[in-house]
Amino acid sequence: MSLSEFDLIATYFQRQPKHKSVVKGVGDDCAIVSARSDHHLVMSMDTLVLGRHFPQAASPEQIATRAFCTCLSDLAAMAAEPRWFTLALTLPEADPLWLERFSRALLSIADDYACELVGGDTTQGPLTLTLQVHGEVKQNCALTRDAAKEGDAVFVSGYLGDGAAALDILLDESSINLQAQAGVDKKELDYLSGRFYCPEPQIKLAQAIADYSHAAIDISDGLVADLQHIAVASQVDIDIDVDALPISSACQKVAGDRALQYALSGGDDYQLAFTVPAQHIALIEQINADEKWNMTLIGKVVALNAGEPDAGKPNPGKAVVRCFQNKQLFTVKDRTGYQHFAS
Ligand code: ADP
Ligand code: MG
């Protein structure tokens, strides 16, 4: 490496902390932060590996943005406020141009979400990033997966399926020409690419709905797979109306017949799915209209094993997400979403 490890850290990752909650930032053995006494600390870690979590051709800005935003999305899923993060960066080489672009993009998102970089680790090896985000949430106000109740409505934010449609295009350059012929214009391709590389962590939306919702999750592995986590953790079943799913026109054009499948099982959307007790549905719809947030009611929480002889009895293995179209059961091809080590 032409640039030493310490020069690299000092040049690209060390800057004057902007928030007074940071007592000691990058540069000492540990970071020191001051957390609010009436809040809980919330933390989550994600690792991204080149070629597995982002295509080989991704730019430094795209890598930084996707890594950080997907991590922040976990904080959104708990209705937490982003505060601090750490970065473990493994690089094949210390390329100043790459580092300049990567760190500028990363720190600009840090500014956007008021989430301060307070430390990390830098090593040499195949390109891999691990980010740990730390957030705060008012005590006992976090949204969790295990709090859905029978009778709740199920809402999602934004559009579903865009992430999977984008990946179709990003992994197969030749398909871009096909899409162009199929009448998909550049604006739509750019929109989808943006959904993949710059997913918008739903931090504000989550805080707005938190007081009126029971359970939440961010959709990273696919709607059905992620709702299944809520169903199992909450010991309920969930019924989804597939005709209600919000699908963007770009996804529809690019994915064609596969659009519905993408909305149900495609990963990488980083939208929120959350459950709302009946008495708060009108309020959520009001917030939606006021803020122009595009939240959609897509289903409801029902009793565990509804309609079966053992209905209502705890049975962790059996909680299910059912999909319906015109009131008929609709079969979802891939219910499990993406899983490492699965094959
Ligand atoms: P130590 O030897 O005590 O483990 P390091 O040499 O690994 O410390 O790191 C020196 C300082 O730089 C620490 O404050 C660490 O948190 C920070 N740091 C290292 N790598 C990064 C990075 N990629 N981003 C931000 N801070 C980093
Ligand atoms: Mg040390």
Side-chain angles (χ1 to χ4, degrees), residues 1-36 39-76 78 80-136 197-201 203 220 270:
M1 289 194 183
S2 51
L3 200 62
S4 84
E5 180 189 330
F6 297 114
D7 288 344
L8 185 161
I9 296 165
T11 308
Y12 299 108
F13 299 109
Q14 193 163 19
R15 59 178 192 173
Q16 193 59 34
K18 295 190 173 173
H19 302 278
K20 57 180 190 309
S21 66
V22 180
V23 180
K24 198 102 189 110
V26 171
D28 214 314
D29 289 306
C30 294
I32 306 175
V33 298
S34 160
R36 284 172 281 186
H39 283 58
H40 280 151
L41 270 178
V42 182
M43 57 200 78
S44 167
M45 179 183 276
D46 273 317
T47 293
L48 281 93
V49 179
L50 178 69
R52 180 152 286 257
H53 298 98
F54 45 89
Q56 301 278 348
S59 70
E61 290 85 358
Q62 289 171 327
I63 293 171
T65 309
R66 178 164 160 77
F68 199 1
C69 289
T70 57
C71 222
L72 287 167
S73 173
D74 284 319
L75 289 180
M78 313 290 288
E81 200 183 326
R83 301 285 278 161
W84 315 283
F85 76 108
T86 53
L87 165 71
L89 186 59
T90 303
L91 295 169
E93 56 178 344
D95 172 354
L97 185 61
W98 192 94
L99 278 158
E100 169 66 32
R101 292 174 58 184
F102 174 84
S103 60
R104 194 176 323 135
L106 190 81
L107 295 176
S108 133
I109 299 164
D111 290 343
D112 290 348
Y113 289 91
C115 189
E116 189 105 53
L117 179 61
V118 293
D121 196 23
T122 305
T123 50
Q124 191 166 23
L127 187 59
T128 306
L129 278 77
T130 299
L131 278 92
Q132 184 169 39
V133 286
H134 303 248
E136 286 183 307
Y197 281 120
C198 315
E200 256 177 68
I203 301 283
S220 52
Y270 298 98

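Both ligands and their constituent atoms are indexed starting at 1 by order of listing. Index from 1, following the sequence. Remember, predicted model here, so these are calculated numbers, not experimental data.
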message: Would you say that more than 12 heavy atoms from the other residues, nucleotides or ligands in this model lie under 6.0 Å from the CD of Glu200, or not?
response: no

query: Looking at ligand 1, does Phe6 have a heavy atom less than 4.0 Å from it?
result: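 Yes, that is the case, since the closest heavy atom of the residue is under 4.0 Å from the ligand.
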
message: Just verifying a value: how many Å separate Leu131 CG and Leu72 CG, rounded to the nearest 0.5 Å?
response: 8.5 Å

Approximate separation, where rounding is to 0.5 Å, of Ser21 OG and Glu136 CD: 7.5 Å

query: So is Gly27 polar-close to ligand 1, meaning N/O to N/O under 3.5 Å?
result: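 There is such a contact, yes.
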
- prompt: Polar-atom distance check: Phe13 versus ligand 1, any N or O pair below 3.5 Å?
  reply: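 Not met; the criterion fails.
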
Between [X] and ligand 1, find which residue part has any heavy-atom pair under 4.0 Å and reply side chain, backbone, both or neither.
{"X": "Thr86", "result": "neither"}
{"X": "Gln14", "result": "neither"}
{"X": "Asp121", "result": "both"}

field: Phe85 ring center near Phe68 ring center (under 6.0 Å)
entry: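 Distance test on ring centres: under 6.0 Å, yes.
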
task: Could you list the atoms of ligand 1 found under 4.0 angstrom from a heavy atom of Glu5?
output: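 This gives 6 (O) as the contact atoms.
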
- prompt: Which of the atoms of ligand 1 are close to Thr122, meaning less than 4.0 Å from one of its heavy atoms?
  reply: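 Near Thr122, the atoms of ligand 1 are 19 (C), 20 (N), 21 (C), 22 (C), 23 (N).
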
message: I'd like to check the side-chain contact (heavy atoms from CB on, under 4.5 Å) partners of Val49; sequence neighbours left out, ordered by chain and number.
response: Thr47, Arg52, His53, Thr128

Result block: side-chain N/O donor-acceptor pairs under 3.5 angstrom for residues 95-108, not counting sequence neighbours:
unit_1, atom_1, unit_2, atom_2, d
Asp95, OD1, Leu97, N, 3.0
Asp95, OD1, Trp98, N, 3.4
Glu100, OE2, Arg104, NE, 3.3
Glu100, OE2, Arg104, NH2, 2.8
Arg101, NE, Glu61, OE1, 3.2
Arg101, NE, Glu61, OE2, 2.8
Arg101, NH2, Glu61, OE1, 2.8
Ser103, OG, Leu99, O, 2.8
Ser103, OG, Glu100, O, 3.4

